[in-house]
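Shown next, in structure tokens, is the structure this report addresses.
All ligand and atom numbering here is 1-based and tracks the order in the structure. Excluded from the calculations below are hydrogen atoms, water molecules and symmetry mates; all remaining heavy atoms, backbone and side chain alike, are included.
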Amino acid sequence: MNRRNFFGGAAMTAVAAASVSRVAMAALPEPVLMDKPDTAPPLHPGSGRPYNPVVTLNGWTLPWRMNNGVKEFHLVAEPVVREIAPGMRATLWGYNGQSPGPTIEVVEGDRLRIFVTNKLPEHTTMHWHGQRLPNGMDGVGGLTQPQIAPGKTFVYEFVARRPGSFMYHPHADEMTQMAMGMMGFWVTHPKAKHPLITEVQRDFCFLLNAFDIEPGSSTPKINTMLDFNLWTWNSRAFPGIDSLNVRKGDRVRIRIGNLTMTNHPIHLHGHEFVVTGSDGGPWPLAARAPEVTTDIAVGQMRQIELIADEEGDWAFHCHKSHHTMNPMGHNVPTMIGVEQRDLLKKIQKLVPDYMVMGDKGMADMGEMEMPLPDNTLPMMTGTGPYGPLEMGGMFTTLKVRKTQKTGDYSDPGWYTQPTGTQAYEWNGGLDEPQRAPTAGTDPAAVGFTAVKPTTHNHL
Ligand SMILES: [Cu+2]
């Protein structure tokens, strides 16, 4: 965080009361900027109503100031450089130094004033997705307000009327501005105990987004509709996405919003979870059921909750297998089972560096040391304690540890399985597997031990 511009809740109130004149207090809150893509620790409120803060995966929460009982935030729309994962940086548009912008956390009933300054080369607006607010604060350029021209600042004022998980994004040249990374998370905490909102020990949030950036370049192709090559969580791709680190027994909430152009079935290993709410608010108990995967459609938000009672490093990812890959060619023919060796000799006479790919599958890609163009990521990457993970994109892990301290979000490293609890290689003898005979063959003649026919056996 930029220290020069840092004003947390309590610090801000003290400064405002002690030394700042009424004129200065009436001016804009100085924008707080972030220069790193790391997961920031939770920002505990120093002023206003108390709440349990969220942790934004590879993101941060925007500090505010209190001004005569109104919470004031300042968002600056601007070009940013975002590290997608170590080795690749993207030229995006975002807010306050990053894409996505900072998470805004408020409490039900809070009176809000949000300054939005446009430092982009074109106009923009801000739409507060899912909020109950006066129509003129809804941020749809041309419909509810004039556009915010470059260099101008607009003010949005409303009361946070209902608790839940929301997001913000422009409603101006939307296709371009969202494809460039303009979005952010919003959490409205309940002001008191709520019958449908459980207290949790860990509360994570992130947005699903996607970019199409040609290897060797850094600016997204904004006209892409479906064929994106970077599937990201908060503009980070595996192995750039931090793990979600929790203590065994914690109740964990994960809030997810989808601002891509397709749906994402989000899947967690080793635990069941319940969808407890969406941008529509907390769900009635009768609408909740145990799941291990939940589909999040475009423009939707889901809150999932689980008790993290199984120790280990549990994969947490989008179940569309192409979304756990980094840049790849989708037009490459499948070569499984194709004998390429004779062809290889002929090609290598012309192109000595030519490599045969994928005659046994694509797993070799996970450890292949191929020269890449500048500024892109390997298609399958990441290394775990037992070798290449062969993943990319929308993939990370939920790390559950007995030893993780309350309030500690740091990465505990890789899990060591207790002796006797890991899959192992079989070194004993193996009989030839029995296979069903083809029709018209005498089972005895091919060594097949006939199973006594039952009503379900049509052999
Ligand atoms: Cu997906």
Side-chain angles (χ1 to χ4, degrees), residues 37 56-59 82 84-85 88 90 92 99-100 129 165 167 169 175 178-185 204-215 220-244 254-273 275 278-279 291-304 306 314-332 362 365-366 376-382 389-398:
T56 307
L57 202 58
N58 292 101
R82 174 76 168 178
I84 301 285
M88 182 181 180
L92 304 178
S99 157
H129 173 115
S165 304
M167 48 195 176
H169 61 79
M175 183 195 82
M178 294 211 285
M180 288 295 285
M182 296 185 74
M183 55 190 71
F185 213 98
F204 296 96
C205 68
F206 60 91
L207 292 168
L208 308 169
N209 50 1
F211 301 99
D212 183 17
I213 302 179
E214 293 230 345
K221 289 161 71 180
I222 52 161
N223 291 319
T224 297
M225 190 167 87
L226 294 172
D227 208 1
F228 295 87
N229 62 7
L230 287 161
W231 299 98
T232 53
W233 288 0
N234 268 4
S235 306
R236 294 280 282 184
F238 180 79
I241 306 175
D242 285 340
S243 52
L244 289 75
I254 307 170
R255 307 166 190 252
I256 307 164
N258 180 2
L259 284 176
T260 71
M261 300 283 274
T262 188
N263 61 318
H264 301 279
I266 300 296
H267 176 55
L268 175 65
H269 292 209
H271 297 79
E272 311 84 49
F273 59 75
V275 180
S278 67
D279 30 1
E291 292 280 8
V292 296
T293 305
T294 192
D295 198 22
I296 306 178
V298 181
Q300 280 188 333
M301 313 199 72
R302 290 288 179 268
Q303 284 176 195
I304 67 170
L306 62 133
W314 299 107
F316 179 48
H317 59 93
C318 176
H319 216 294
K320 285 185 176 174
S321 50
H322 285 234
H323 294 182
T324 52
M325 296 281 112
N326 287 327
M328 60 182 286
H330 289 274
N331 298 324
V332 178
M362 294 292 264
M365 294 290 289
T376 189
L377 297 170
M379 170 178 127
M380 293 156 78
T381 183
L389 263 79
E390 304 171 349
M391 287 280 130
M394 294 177 161
F395 179 94
T396 186
T397 50
L398 174 74

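- Each protein N/O/S atom under 2.8 Å from the Cu ion (ligand 1) was counted, for a total of 3.
- G181 and S99 get closest at one heavy-atom pair: O-OG, 2.8 Å.
- Within the 4.5 Å cutoff, side-chain heavy atoms of H317 are placed close to those of H269.
- Remark: T293 pairs with P265, H267 by the side-chain contact (heavy atoms from CB on, under 4.5 Å) rule, at least two apart or across chains.
- Between the side chains of D295 and N263, at least one donor N or O lies within less than 3.5 Å of an accepting N or O.
- You'll find the side chain of I256 reaches within 4.5 Å of the side chain of L208, heavy atoms only.
- Using the six-membered ring where Trp is involved, F206 and F316 have ring planes that are perpendicular, over 60° apart on the 30 and 60° scheme.
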